[in-house]
Amino acid sequence: MQKYLEKETASVSVQTIECLQEQLMDEYGDDIVRLVYTYVKNAAIAEDLAQEIFIKCFRALPNFKGDSSYRTWLYKIAINHCKDFKKSWYAKNVQLHDFGEMEYMEEGLLEEEVMKRAEVTMIRQAVDELPDKLRILVHLHYFEGNATREIAELLTVNENTVKSRLRKARQQLEKKLRGKIAWTND
Amino acid sequence: MDKRLKEIGKQMRSNNLIKLSFSERSKELVRKQMQQERVLKEMLPLLIEEKSGAALCKLLLAKGEPVIEMNEGMVYTILHEAEHNGFVVSRWYDTGEKVYKLTKAGLKQIATVEERRSVFDLKGLWQEVRSV
């Protein structure tokens, strides 16, 4: 991935660009769908939006200067696209929430796993119920493993804002889940 | 809480818990869209003078457009869409040949694509179009 950064994207061959596009979709496709899902809470719409996001990115690819990583760049475009979608007529007038129907893999679960799954479902639902601003942070930080500094860059907000929002998110989650889940140590 | 949330994230990433992925069908859709846009970009400047679909295919092939070799039908799909969007107009000759020609909107479309590189002499091109 890194080796493409040095090149002038505008002047490289069709094959190189297509190859780069393939790599980007393979490497970040699933991540983008999950990120979009955090915003729209609907798997089908998440995938449709992810397609639009990649098309948007690839159109802009010749302009990519390489002053951030491809990942940061993709995420930024994705986040803006999601925000635009949430503001659109469609999102406001069509009921999107389907987090009750999350698809789970069914094959061969042990009892222990079933228990764990129930717990995870509960936490997931609590996260889904958080307000947009907090939910996206939980996703980026805990589920995707981004550092607070990276998130601040992605969302163009202050790092301290990220930290305080994360704290707020944790407090809300704990309040929601109190009594439902046995917290072991934290 | 911290630990618990991170754990869920790990499970999500390893993708054995929740099925949310960018499917092959989606990738194919994006691929196709990008190919069509690229061919359209190549195609429009060639239609400053009116041309038949067959002549256009030959030119694109000569330019080394890789997609055309496998799928000439794609050129017509793109032409029809371009006509629908008002980038080109078509007319029939008495000989039964259909020819396509760039419109003013089509020229604008070229300009928006080329804008970034700013090597395109829009004025010159427009004069050329008018003189044909």
Side-chain angles (χ1 to χ4, degrees), chain A residues 10-11 13-15 17-18 21-22 25-26 28-34 36-37 43 46-48 50-55 57-63 102-105 113 116-117 119-121 123-124 127 138-145 166 169-171 173-174 177 181 183-186, chain B residues 1-43 60-71 74 78 81 109-120:
Chain A
S11 61
S13 72
V14 171
Q15 282 82 2
I17 287 181
E18 282 185 346
Q21 290 177 351
E22 285 302 307
M25 285 198 289
D26 286 344
Y28 302 120
D30 294 350
D31 289 346
I32 295 290
V33 174
R34 281 193 285 263
V36 179
Y37 183 89
E47 198 165 346
D48 283 354
Q51 289 168 12
E52 291 171 20
I53 288 163
F54 274 107
I55 290 171
C57 288
F58 293 164
R59 276 183 192 146
L61 205 53
N63 292 341
M102 272 284 241
E103 278 185 69
Y104 293 100
M105 306 287 222
E113 282 173 336
K116 209 171 177 182
R117 207 177 67 171
E119 219 178 84
V120 168
T121 310
I123 300 178
R124 281 286 312 176
V127 173
V138 171
H139 177 84
L140 287 171
H141 185 63
Y142 290 108
F143 298 168
E144 292 257 329
L166 273 173
R170 273 196 307 272
Q171 282 165 357
L173 284 177
E174 271 166 30
L177 296 166
I181 287 171
W183 301 108
T184 41
N185 43 18
D186 43 41
Chain B
M1 195 77 214
D2 257 44
K3 216 179 115 203
R4 206 60 77 90
L5 285 169
K6 273 180 187 152
E7 217 172 85
I8 296 176
K10 218 183 273 168
Q11 285 169 334
M12 280 175 67
R13 271 200 301 281
S14 64
N15 212 10
N16 56 11
L17 193 74
I18 292 155
K19 230 187 195 170
L20 265 182
S21 65
F22 198 57
S23 65
E24 186 47 41
R25 194 185 60 87
S26 288
K27 286 181 191 167
E28 189 54 38
L29 235 137
V30 173
R31 250 175 243 143
K32 227 173 175 172
Q33 177 70 23
M34 294 322 291
Q35 267 176 3
Q36 292 200 352
E37 285 182 16
R38 201 192 61 241
V39 176
L40 178 72
K41 203 175 85 183
E42 294 279 321
M43 186 189 276
L60 285 170
L61 257 174
K63 283 187 87 176
E65 175 52 59
V67 188
I68 309 304
E69 243 168 296
M70 295 173 288
N71 184 8
M74 189 184 179
I78 299 170
E81 203 165 307
Q109 175 66 16
I110 300 176
T112 42
V113 174
E114 294 289 331
E115 198 179 15
R116 304 152 189 159
R117 289 177 225 172
S118 67
V119 289
F120 216 78

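Every chain is numbered from 1, with letters handed out A, B, ... down the list of sequences. Side chains are part of it too, since the values below use all heavy atoms of this structure and drop only hydrogens, waters and symmetry mates.
Checked for salt-bridge contact, B:Arg31 and A:Glu22 meet the test: a charged N lies under 4.0 Å from a carboxylate O.
Looking at A:Glu52, there are no atoms closer than 4.5 Å to chain B (heavy atoms on both sides), in backbone or side chain. Contacts of A:Glu47 with chain B are made by both backbone and side-chain atoms, with heavy-atom separations under 4.5 Å.
The structure places CZ of B:Phe22 at 12.0 Å from CG of A:Asp31, a figure rounded to the nearest 0.5 Å. For the atom pair A:Arg59 CZ and B:Glu37 CD, the distance stands at 4.0 Å (nearest 0.5 Å). The distance from atom OG of B:Ser21 to atom CD1 of A:Ile32, rounded to the nearest 0.5 Å, is 13.5 Å. Taken to the nearest 0.5 Å, the CE atom of B:Met34 stands 12.0 Å off from the CZ atom of A:Phe54.
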**OP:** Begin with the C-alpha distance, continue with both residues' side-chain angles, and end with the deciding distance and a verdict on side-chain contact (heavy atoms from CB on, under 4.5 Å) for A:Glu18 and B:Gln35.
**Re:** CA-CA 9 Å; A:Glu18 282 185 346; B:Gln35 267 176 3; 3.9 Å; yes
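Across every non-hydrogen atom of A:Ile55 and B:Gln33, the tightest pair is CD1-CG, 3.5 Å.
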